Amino acid sequence: MARRQLNRPSADLSLDRHLRLADQLPETLTSQALFGNDLPLELEIGSGKGLFLATASANRPGHNLLGVEISHAYAMHAAGRLAKQASSNAMMVSGDAEPLLEKSIPAESLAAVHIYFPDPWWKKKHKKRRVINPSSVRNLYRLLVDQGTFHFWTDVLEYFESSIEMISVEVPEFGPPIPEEPESEGVDAPRDESGGTYRTHFDRRSLLHRIPVYRVCYVKQTRRS
Ligand SMILES: C[S@@+](CC[C@H](N)C(=O)[O-])C[C@H]1O[C@@H](n2cnc3c(N)ncnc32)[C@H](O)[C@@H]1O
């Protein structure tokens, strides 16, 4: 993704409570290990500038939110946003989400997983780098609690359609995806001049340029009627 230079968080803002490097993490990632309580834990993969984490953590004080961002500059930027609003229930990890899904997060421990506008990796030979891939979706299903949700939004139709198809083959237990409304983050979601809400920086850009966004949510239901 082509990126502009990011402002670093100001030097007098401590990121100690809001930023962890992957090699500083506890062996097992739980609410207790990260936040010292047992609140339901939500994970965002690819937090970018951290807008969703900042909004969702303020809207849901009864949940903890963990963001993972592979670009250290963006992880710092997002952590700076959380530090500025003195968030006590959100934190950024600077690193790759995939090994954390594979090894560090216990099964049936996540209340929700959020992936918004993942990098499309257009070229055929690069598609294996996509964060939504057969191994990650199998892991996501394993890590969610019963009734846990997986939110996937993108403006890339081919990524959307091929992911939906791939999930139906790899994790048929998820069942069909449920279309999700842009407004579903609630009344405190950021809003632009036209009155439309947005969840992330890329969502805001899509709204501004009237680019269609494809939004779905999967619900893990271990007991289907
Ligand atoms: C297109 S941006 C979208 C950012 C944000 N979700 C939004 O909607 O504004 C995708 C983000 O995912 C991050 N990313 C890509 N692969 C990742 C991985 N394996 N683990 C964590 N973050 C990743 C990228 O660095 C980038 O910041």
Side-chain angles (χ1 to χ4, degrees), residues 1-9 18-25 29 34 42-57 65-82 90-105 110 112-123 126-140 143 149-160 163 180 182 184-185 189-192 196-209 211-217:
M1 177 171 59
R3 294 184 144 169
R4 292 204 197 114
Q5 193 72 24
L6 265 186
N7 293 334
R8 290 173 76 89
H18 296 97
L19 182 67
R20 297 276 178 285
L21 304 182
D23 61 5
Q24 296 170 338
L25 287 171
L29 298 185
L34 294 163
E42 299 188 32
L43 176 75
E44 186 190 20
I45 299 175
S47 303
K49 292 184 173 179
L51 184 57
F52 168 72
L53 273 198
T55 310
S57 58
L65 285 113
L66 182 66
V68 186
E69 173 49 62
I70 204 165
S71 151
H72 185 62
Y74 277 79
M76 276 181 55
H77 184 91
R81 192 189 280 275
L82 300 175
M91 185 185 292
M92 285 303 304
V93 172
S94 171
D96 183 353
E98 298 251 18
L100 305 183
L101 298 181
E102 198 64 55
K103 297 194 197 103
S104 308
I105 302 175
L110 296 177
V113 176
H114 305 265
I115 303 183
Y116 300 120
F117 302 85
D119 291 328
W121 294 110
W122 296 105
K123 287 187 187 163
H126 291 154
K127 281 191 180 160
K128 56 180 179 288
R129 299 182 190 173
R130 288 180 168 182
V131 294
I132 298 188
N133 60 56
S135 145
S136 73
V137 296
R138 285 194 299 266
N139 278 326
L140 295 186
L143 302 181
T149 52
F150 165 38
H151 308 261
F152 165 39
W153 294 12
T154 178
D155 57 355
V156 180
L157 183 58
E158 181 277 322
Y159 197 168
F160 179 73
S163 299
E180 193 161 41
S184 48
E185 190 51 41
R191 204 168 276 278
D192 80 352
T197 62
Y198 49 90
R199 224 173 244 200
T200 71
H201 180 72
F202 269 63
D203 198 21
R204 176 169 184 258
R205 202 175 67 168
S206 302
L207 187 64
L208 193 68
H209 298 292
I211 298 167
V213 176
Y214 309 97
R215 304 176 169 91
V216 281
C217 169

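Because the structure is a prediction, the values reported are computed rather than measured. Each ligand, and each atom within it, is numbered from 1 in the order the structure gives. These numbers come from the heavy atoms of this one structure, side chains and all, not from hydrogens, waters or symmetry mates.
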Using a 4.0 Å cutoff against the non-hydrogen atoms of [X], which atoms of ligand 1 qualify?
X	value
Gly95	20 (N), 21 (C)
His201	9 (O)
Val131	16 (N), 17 (C), 18 (C), 19 (N)
Gly48	4 (C), 27 (O)
Ala97	18 (C), 19 (N), 20 (N), 21 (C)
Thr200	7 (C), 8 (O), 9 (O)

Close N or O approach ([X], ligand 1; < 3.5 Å):
X	answer
Phe117	no
Glu98	no
Ile70	yes
Gly46	yes

What class does the angle between the rings of [X] and [Y] fall in, given that below 30° is parallel, 30 to 60° is tilted and above 60° is perpendicular?
X	Y	result
Phe150	Phe152	parallel
Phe117	Phe202	tilted
His114	His151	parallel

*Evaluating non-hydrogen atoms only, which member of Arg199, His77, Glu69 is closest to atom 11 (C) of ligand 1?*
Glu69
*asked:* Going by the closest heavy atom to atom 19 (N) of ligand 1, which one wins out of Asn133, Leu53, Asp96?
replied: Asp96
*Go through the steps to decide whether Glu158 and Lys127 satisfy the test salt bridge (Lys or Arg N to Asp or Glu O under 4.0 Å), and finish with yes or no.*
CA-CA 11 Å; Glu158 181 277 322; Lys127 281 191 180 160; 3.6 Å; yes
*asked:* I'd like to know if Asp203 contacts ligand 1, where contact means a heavy-atom distance under 4.0 Å to any ligand atom.
replied: no
*Would you please determine whether Pro120 falls within less than 4.0 Å of ligand 1 on a heavy-atom basis?*
no
*Should Asp203 and Arg215 count as an ion pair when the cut-off is N to O under 4.0 Å?*
yes
*asked:* If we ignore hydrogens and angles and just use 3.5 Å, is the side chain of Ser47 paired with the main-chain N or O of Gly50 as donor and acceptor?
replied: no
*With no hydrogens and no angle check, is any side-chain donor or acceptor of Tyr159 less than 3.5 Å from a backbone partner on Ile132?*
yes
*May I ask you to establish whether Arg130 and Trp121 are in a cation-pi arrangement, using a distance under 6.0 Å from NZ or CZ to the six-membered ring centre and at most 45° from the ring axis?*
no
*Distance only, no hydrogens: is a donor on one side chain within 3.5 Å (strictly under) of an acceptor on the other, for Glu98 and Asn133?*
yes
